[in-house]
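We use all heavy atoms of the structure for the numbers below, so side chains are in, but hydrogens, waters and symmetry mates are not.
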Amino acid sequence: METLRLTVFDVEQDKDSLNKAAELLKNGRLVAMPTETVYGLAASAYDENAVKNIFEAKGRPQDNPLIVHVSDMQMFTDVVGEVPEKAFQLAEKFWPGPFTMVLPRGEKIPASVSAGLDTVAVRMPENKVACELIRVSGLPLAAPSANKSGSPSPTTADHVLYDLDGKIDAVIVSDRCTVGVESTVITLCTNPPKLLRPGGVTLEQLREVLPDIEVDKAVLAEPEKGKPVASPGMKYKHYSPKAKVIMLDGDYEAFKSYVNANKSDGVFALTFEGEESGLEVPTVSFGHKENDLEQAAVLFDALRELDNRGCRLCYSRVPKKQGVGLAVYNRLIRAAAFQVIEL
């Protein structure tokens with residue numbers, strides 16, 4: 001099967017391509033679509049067979065729940081079982097945008113979407129192409145990242161095709177994703193609410209609405225083995241290139257000394273912009289040290305570049321754990337399978 005390329009840069013001018021994508025979705029097919037976070041692999045959230053095909057195309061474990069994408073509040077209330085007042089307040093502040101809420105699952109959503117849990121994760125994307133595709137199809141769309149499971153998430157159509165060409169029905173070719181890391185996920189099904197996955201909406205912003213929100217232990221540390229996960233991205237190893245990644249926690253001088261002392265063929269350094277000159281190994285940068293938005297936007301590109309350049313082992317700098325930097329740290333520590341060396 002050849003994956004169909006559908007070009008949509010403008011939702012008005014490229015209606016034919018959007019309509020074609022919507023028809024495919026209505027017929028149970030898989031379409032990779034851009035969002036403001038990363039590219040998502042979309043299927044009708046109401047179609048159990050289409051949802052099953054998402055897991056198969058990605059090679060995704062069946063116990064890893066999907067996020068349902070909606071285009072308006074009516075569709076939101078259709079897919080959840082119960083909406084507390086706090087959910088409406090959060091939606092008003094953060095939707096459309098890179099923000100997901102876990103709530104009781106509505107009867108219309110198959111259990112397979114939520115990996116058998118009685119909850120469902122829902123978000124309303126900001127990306128105009130994604131929103132219009134949902135609206136035109138008339139369907140809430142289950143859509144994990146459109147990549148091979150466990151590898152770095154895709155931020156361009158080319159990334160999608162590198163991983164899934166021939167395994168999915170279509171990909172929408174559009175602008176690159178701007179946020180660069182997956183959405184923030186919180187659950188309102190615990191008391192107090194919990195942050196399950198950090199993203200473009202920060203913990204600091206969430207506390208303006210949910211002052212009592214807690215950070216799930218799995219955000220910064222290894223998840224409990226065998227415990228069901230309530231959100232995508234909580235698995236042990238995730239977002240990982242083929243290269244082995246080890247994080248080095250310390251200042252730049254200590255980082256440089258360690259890397260240079262351990263240089264060999266295939267060893268690379270993942271650095272902040274401007275730190276390359278003192279290192280005696282090939283480098284890939286992922287944004288400036290103080291610019292967490294820039295780091296998030298380019299992180300997955302940088303991880304893919306390591307593989308493209310033949311990296312075998314990568315020593316990585318450690319981002320800060322505040323603001324969007326918490327999301328960058330969360331992705332990197334999973335890419336490294338929690339291997340961190342304190343310098």
Count the heavy atoms of every other residue, nucleotide or ligand shown that sit under 6.0 Å from CD of E92, and state whether that count exceeds 12. no
Are more than 12 heavy atoms from other residues, nucleotides or ligands located less than 6.0 Å from atom NZ of K26? yes
Check whether any side-chain heavy atom of I213 sits under 4.5 Å from a side-chain heavy atom of K194, and report yes or no. no
Checking the side chain of D307 only, and the main-chain atoms of K242 only, is there a donor and an acceptor separated by less than 3.5 Å? yes
Consider only side-chain heavy atoms of I, L, V, M, F, W and Y, link residues closer than 4.5 Å, and tell whether V173 and L6 are in one cluster. no
Please list all pairs passing the ring-ring contact (aromatic ring centres under 6.0 Å, His included) test where one or both residues lie in residues 281-322, with sequence neighbours left out. Y239-F300, Y258-Y315, F272-F286
Are any side-chain N or O atoms of T202 and backbone N or O atoms of G323, one a donor and one an acceptor, separated by less than 3.5 Å? no
Would V83 and V70 show up in the same hydrophobic cluster when neighbours are defined by side-chain heavy atoms closer than 4.5 Å? yes
So does R304 pair up with D163, basic N to acidic O under 4.0 Å? yes
Smallest separation among heavy atoms of T178 and A297, with atom names: O-CB, 3.6 Å
If a pair satisfies ring-ring contact (aromatic ring centres under 6.0 Å, His included) and one of its residues is in residues 9-43, list it, with sequence neighbours excluded. none
Sort and list the pairs that fulfil salt bridge (Lys or Arg N to Asp or Glu O under 4.0 Å) and have at least one residue in residues 111-124, not counting sequence neighbours. E36-R123
Would you find a donor on one side and an acceptor on the other, under 3.5 Å apart, between the side chain of S137 and the backbone of A22? no
Interatomic distance, OG@S112 vs CG@L66, rounded to 0.5 Å, equals 7.5 Å
N/O donor-acceptor pair under 3.5 Å between T77 side chain and M73 backbone: yes
In plain terms, say whether E280 and K263 are close enough for a salt bridge, that is, a side-chain N and a carboxylate O under 4.0 Å apart. yes
Quick one: hydrophobic cluster around V136, which other residues, with the 4.5 Å side-chain cut-off, linked directly or via members? none
Please answer whether the main-chain N or O of G150 pairs with a side-chain N or O of R334 as donor and acceptor at a distance below 3.5 Å. no
Say whether I246 and L303 are linked into one hydrophobic cluster, either directly or through other cluster members, by side-chain heavy-atom distances under 4.5 angstrom. no
Heavy-atom count check: over 12 atoms from other residues, nucleotides or ligands less than 6.0 Å from K52 NZ? no
For K15, is there an ion pair with D10 - N to carboxylate O distance below 4.0 angstrom? no
Donor-acceptor list for residues 95-107 side chains, cut-off 3.5 Å, not counting sequence neighbours:
{"unit_1": "W95", "atom_1": "NE1", "unit_2": "F99", "atom_2": "O", "d": "2.7"}
{"unit_1": "T100", "atom_1": "OG1", "unit_2": "S183", "atom_2": "OG", "d": "2.8"}
{"unit_1": "R105", "atom_1": "NE", "unit_2": "L117", "atom_2": "O", "d": "3.0"}
{"unit_1": "R105", "atom_1": "NH1", "unit_2": "I109", "atom_2": "O", "d": "2.9"}
{"unit_1": "R105", "atom_1": "NH2", "unit_2": "L117", "atom_2": "O", "d": "3.1"}

Salt bridge between E56 and K167, side-chain N to carboxylate O under 4.0 Å? no
Does a side-chain N-to-carboxylate-O contact under 4.0 Å join E23 and K20? no
Minimum heavy-atom distance C314-L306, with the two atoms named: SG-CD1, 3.7 Å
If Ile, Leu, Val, Met, Phe, Trp and Tyr residues are connected whenever their side-chain heavy atoms lie under 4.5 Å apart, and connections chain through other members, are L30 and L4 in the same group? yes
Nearest heavy-atom neighbours spanning A45 and P110: O-CD, 2.9 Å
The ring pair (Phe, Tyr, Trp, His ring centres under 6.0 Å) partners of F255 (sequence neighbours excluded) come to none
Can you name the closest pair of heavy atoms from G180 and T155 and give their distance? O-CG2, 3.9 Å
Run D158 and T156 through side-chain hydrogen bond (donor to acceptor under 3.5 Å, both in side chains) and show every step you take. CA-CA 5 Å; D158 284 343; T156 68; 5.1 Å; no
Could you tell me whether the side chain of Q295 and the main chain of K289 form a donor-acceptor pair under 3.5 Å? yes
Side-chain (R5) to main-chain (T3) donor-acceptor, under 3.5 angstrom: yes
Electrostatic pair K256:E253 at N-O distance under 4.0 angstrom: yes
Compare every heavy atom of L25 with every heavy atom of A42, then report the nearest pair and how far apart it is. O-CD2, 3.4 Å
Donor-acceptor pair, side chain of T35 and main chain of T37, under 3.5 angstrom: yes
Count I, L, V, M, F, W, Y as connected when their side-chain heavy atoms are under 4.5 Å apart, and connections chain through other members. Are V201 and V324 then in the same cluster? no
Taking K148 for the side chain and K58 for the main chain, is one N or O donor matched with an acceptor at less than 3.5 Å? no
So which atom in S71 and which in M124 form the shortest heavy-atom distance, rounded to 0.1 Å? O-SD, 3.9 Å
Using a strict threshold of under 4.0 Å (side-chain N to carboxylate O), is an ion pair present between E305 and R309? yes
Can you tell whether the side chains of E275 and R317 come within less than 4.0 Å, N to carboxylate O? yes
Would you say that more than 12 heavy atoms from the other residues, nucleotides or ligands in this model lie under 6.0 Å from the CG of D265, or not? no
Main chain of L195, side chain of D216: is a donor-acceptor contact present, judged purely on distance under 3.5 Å? no
Is D301 salt-bridged to R176, cutoff N-O under 4.0 Å? yes
About how many Å separate CG of L133 and NE2 of H69, when rounded to the nearest 0.5 Å? 11.0 Å
So does Y162 have more than 12 non-hydrogen atoms from other groups sitting under 6.0 Å from OH? no
